[in-house]
Amino acid sequence: MESLSVSEIIRKIQKFPKKNLIHLPTPLYKLENLSQALGGPDIFIKRDDLTGLALGGNKSRKLEFIIHDVLDKGADVIITWASLQSNWCLQTAAAARKFGITPILILFKTYDLPEEYDGNLLLDFILDADIKIREGPKGGVVKAEDVEEILEEIILDIKEGGHSPYVAPIGGSMVGGSMEKPLGAISYVSAFVEMLEQAEAHGFEMDYVIHASGSGGTQAGLAVAAKALKGGTKVLGISVSDDKETFGKDVLTVAKDTVNALGLDLEINKEDIIVFDEYIGEGYGIINKEVSDTIRFAAKKEGIFLDPVYTGKAMLALFDLIKKGYFKKEDKVVFCHTGGTPALFPNKDKISKFLGL
Ligand SMILES: *Cc1c(COP(=O)(O)O)cnc(C)c1O
């Protein structure tokens with residue numbers, strides 16, 4: 001198991017063609033005020049909320065590869081699913097529109113948000129995506145069995161209409177549907193290389209990358225790249241839905257598929273997938289006072305907006321881990337902002353209540 005050079009890993013990623021959807025590199029810089037206020041390690045931020053497509057986020061990185069795959073397979077309709085206010089579904093719909101592909105979104109009501117045109121749902125509507133709303137598991141994530149039946153119906157419909165569907169798995173992470181390679185994770189192998197080069201330009205080495213983990217592709221890609229390049233960076237995934245055992249297994253599956261797809265001589269195992277499940281709160285998509293306070297603290301210190309479903313919980317984790325002495329004072333920690341800010345708006349009632357507006 002030899003360590004790969006950056007140029008070698010770039011060559012392997014380049015075997016997977018992509019469409020140009022976003023602006024790269026996204027910025028990476030130090031959060032001076034936050035680092036000082038917390039008195040712990042140096043905190044940097046990777047602004048993957050600024051990818052540029054449809055208000056930004058990690059899903060648009062993934063979609064550069066996935067949209068290429070859709071076109072390559074001759075499909076003209078993309079179907080995917082997730083929760084009502086899904087960032088993934090919005091980004092998929094926007095990416096599809098840019099390339100003349102029709103987006104069909106199956107949106108599950110997984111938490112008690114009103115079914116009104118706000119946040120991502122409003123944006124899906126503006127994109128004129130074909131939106132199908134269904135009941136879903138409350139406080140949980142949508143599972144494959146929830147979609148099977150409706151998916152079959154839709155696929156039949158599309159084919160009868162003379163069109164060709166591409167089924168994109170939730171989050172673009174786990175291999176499945178029409179996606180035969182872990183394209184989402186591969187985009188995050190690439191993102192890690194981007195971060196490595198930026199950190200080098202800033203004159204530091206990343207001890208930790210911390211980010212919100214949902215369908216596993218982001219973490220899988222980052223963890224594979226970190227290990228392949230042997231820089232010693234640890235990737236900390238903050239689960240927003242499942243417990244660490246269940247979720248860790250999913251990430252590991254995607255990570256192993258990524259190693260195989262890229263043809264890396266690398267053994268990735270359980271120990272490489274570090275998941276925290278202490279910051280889920282009441283469940284997926286459910287915001288509480290701690291998360292609201294964290295969002296406000298980051299906004300007041302740095303003028304940045306986190307989101308209530310993912311990045312607010314990941315930042316809460318970072319604050320708590322610092323408090324518990326998890327990091328050394330001289331460590332360099334990169335917080336990856338994965339997007340999701342449109343979800344602030346449909347959560348306005350809860351956020352304003354918790355912040356005492
Ligand atoms: C989807 C998402 C994540 C999690 O990424 P995965 O690759 O699904 O684990 C994190 N943050 C935001 C804002 C997201 O939309």
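Both ligands and their constituent atoms are indexed starting at 1 by order of listing.
- Residues T110 and L84 are not in side-chain contact: their nearest non-hydrogen atoms beyond the backbone lie 4.5 Å or more apart.
- Within the structure, the side-chain hydrogen bond (donor to acceptor under 3.5 Å, both in side chains) test picks out no pair touching residues 334-344 (sequence neighbours left out).
- Near ligand 1, residues N58, K59, K62, N87, S173, A212, S213, G214, S215, G216, G217, T218, Y310, T338, G339, G340 come within 4.0 angstrom through at least one heavy atom.
- Under the 6.0 Å distance and 45° angle rule, K46 does not count as a cation-pi partner of Y188.
- Under the 6.0 Å cut-off for aromatic ring centres, F65 and F16 do not qualify, their centroids lying 6.0 Å or more apart.
- A search for ring-ring contact (aromatic ring centres under 6.0 Å, His included) contacts involving F99 returns nothing, not counting sequence neighbours.
- Residue pairs that meet the ring-ring contact (aromatic ring centres under 6.0 Å, His included) test with at least one member in residues 199-247, sequence neighbours left out, are F44-F204, Y208-Y326, Y208-F327.
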